[in-house]
Amino acid sequence: MSGFMETEEQARHRFQLELEFVQCLANPNYLNFLAQRGYLREKPFVNYLKYLLYWKEPEYAKFLKYPHCLHMLELLQYEHFRKELVNAQCTKFIDEQQILHWQHYSRKRTRLQQALVEQQQQHQPQAPSHGNTTSK
């Protein structure tokens, strides 16, 4: 065991690099690039992908701007998926499915937000009337 201790600055730098890299995994074209260059067949790289699974923990996942990368990271744990990424058609299919998901999600989210606004408007308390009734 080496006596290497990471400084706070080094830890911050590693965190930033790993955050950026893990989010790149959401891009199917980048995955195809890695596969075609043989990275996804290299044992050290596959081990690194396994190490990166810590990003699924809530205390790390909250920093992700593209949480879909976690799904891709999970799929990258499987050799069959890594092998298929060499195929441009596979990459194109994944890319199209992501776009369809985002479009559906955006439309669904907009509808939910509109329904919430309408619901809030219906349940707003009515202002008391200014009639001539007096309480005794």
Side-chain angles (χ1 to χ4, degrees):
M1 183 171 167
S2 73
F4 175 73
M5 283 297 293
E6 193 174 48
T7 67
E8 193 174 319
E9 184 179 335
Q10 289 170 325
R12 262 197 311 276
H13 183 67
R14 182 173 54 84
F15 175 84
Q16 187 64 40
L17 288 175
E18 290 175 359
L19 172 63
E20 289 177 20
F21 177 74
V22 82
Q23 292 191 103
C24 287
L25 300 178
N27 182 340
N29 295 306
Y30 181 62
L31 297 178
N32 177 256
F33 169 87
L34 292 174
Q36 289 190 351
R37 279 151 189 80
Y39 291 107
L40 300 181
R41 289 190 306 266
E42 295 176 4
K43 186 72 172 156
F45 193 80
V46 171
N47 288 340
Y48 182 62
L49 293 172
K50 187 175 289 189
Y51 157 77
L52 291 174
L53 287 171
Y54 77 85
W55 283 98
K56 293 175 71 176
E57 298 299 323
E59 65 264 28
Y60 294 100
K62 68 183 179 184
F63 294 102
L64 297 171
K65 187 174 181 181
Y66 308 106
H68 188 71
C69 66
L70 295 177
H71 182 64
M72 301 307 276
L73 178 60
E74 186 68 40
L75 291 173
L76 284 165
Q77 304 305 310
Y78 298 97
E79 183 180 10
H80 180 73
F81 181 73
R82 293 192 306 268
K83 285 180 178 178
E84 287 297 318
L85 288 170
V86 175
N87 181 346
Q89 281 303 111
C90 174
T91 305
K92 187 176 188 300
F93 177 76
I94 294 168
D95 195 36
E96 290 169 352
Q97 292 303 304
Q98 280 185 334
I99 291 168
L100 289 171
H101 172 76
W102 289 327
Q103 288 173 341
H104 173 74
Y105 174 78
S106 295
R107 284 193 301 270
K108 186 176 179 182
R109 184 178 171 136
T110 301
R111 283 195 305 267
L112 287 172
Q113 288 172 332
Q114 287 171 343
L116 183 61
V117 168
E118 290 170 10
Q119 184 181 16
Q120 288 172 340
Q121 289 172 346
Q122 289 174 358
H123 294 296
Q124 283 183 343
Q126 298 295 320
S129 63
H130 295 289
N132 290 338
T133 58
T134 58
S135 56
K136 296 184 181 182

(message) Looking at every non-hydrogen atom in both residues, tell me the closest pair between P28 and A26 and how far apart they are.
(response) CD-O, 3.2 Å

(message) Applying salt bridge (Lys or Arg N to Asp or Glu O under 4.0 Å) as the test, list every pair that has at least one member in residues 23-45; sequence neighbours left out.
(response) none

(message) Could you work out, with side-chain contact (heavy atoms from CB on, under 4.5 Å) as the rule, every residue matching H13, not counting sequence neighbours?
(response) L17

(message) Suppose we screen for ring-ring contact (aromatic ring centres under 6.0 Å, His included). Which residues come up paired with Y39, at least two apart in sequence or across chains?
(response) F45

(message) Can you classify the ring geometry of Y48 versus F21 as parallel (below 30°), tilted (30 to 60°) or perpendicular (above 60°)?
(response) tilted

(message) Show me the pairs that pass salt bridge (Lys or Arg N to Asp or Glu O under 4.0 Å) and involve residues 17-32, at least two apart or across chains.
(response) R14-E18

(request) Please report the shortest heavy-atom distance between C69 and V22, naming the atom on each side. (result) CB-O, 3.1 Å

(message) Ring-plane angle category for H71 and H68, please: parallel below 30°, perpendicular beyond 60°, tilted otherwise.
(response) tilted

(message) Tell me every residue that passes side chain to side chain donor-acceptor pair (under 3.5 Å) with Q10, counting only those two or more places apart in sequence or in another chain.
(response) T7

(message) Run the side-chain contact (heavy atoms from CB on, under 4.5 Å) test against L19 and tell me which residues pass, sequence neighbours left out.
(response) F15, Q16, Q23, W55, F63, L64

(request) To the nearest 0.5 Å, tell me how far N27 CG sits from N32 CG. (result) 9.5 Å

(request) Only pairs at least two apart or in different chains count here, so list each salt bridge (Lys or Arg N to Asp or Glu O under 4.0 Å) that has a residue in residues 54-82. (result) K56-E74, E79-K83

(request) Give the cluster check for Y54 versus Y66: same hydrophobic cluster or not, with ILVMFWY residues linked at side-chain heavy-atom distances below 4.5 Å. (result) no

(request) Given side-chain contact (heavy atoms from CB on, under 4.5 Å), test L76 with L52 step by step and report yes or no. (result) CA-CA 11 Å; L76 284 165; L52 291 174; over 6 Å; no

(message) Are the side chains of V46 and L40 in contact, using a 4.5 Å heavy-atom criterion?
(response) no

(request) Quick one: list whatever passes ring-ring contact (aromatic ring centres under 6.0 Å, His included) with Y78, sequence neighbours left out. (result) none

(message) For the CG atom of L34 and the CG atom of L25, what is their distance to the nearest 0.5 Å?
(response) 7.5 Å

(request) Examine M72 and F33 and state if one hydrophobic cluster contains both, with Ile, Leu, Val, Met, Phe, Trp and Tyr joined whenever side-chain heavy atoms are less than 4.5 Å apart. (result) yes

(request) Considering non-hydrogen atoms only, spot the tightest contact between V86 and Q36 and give its length. (result) O-NE2, 3.3 Å

(message) I'd like to check the side-chain contact (heavy atoms from CB on, under 4.5 Å) partners of A11; sequence neighbours left out, ordered by chain and number.
(response) E6

(request) Using the test side chain to side chain donor-acceptor pair (under 3.5 Å), find all partners of E8 that sit at least two apart in sequence or belong to another chain. (result) R12

(request) For Q77, check side-chain contact (heavy atoms from CB on, under 4.5 Å) against everything at least two apart and list the hits. (result) L49, K50, L53, L73

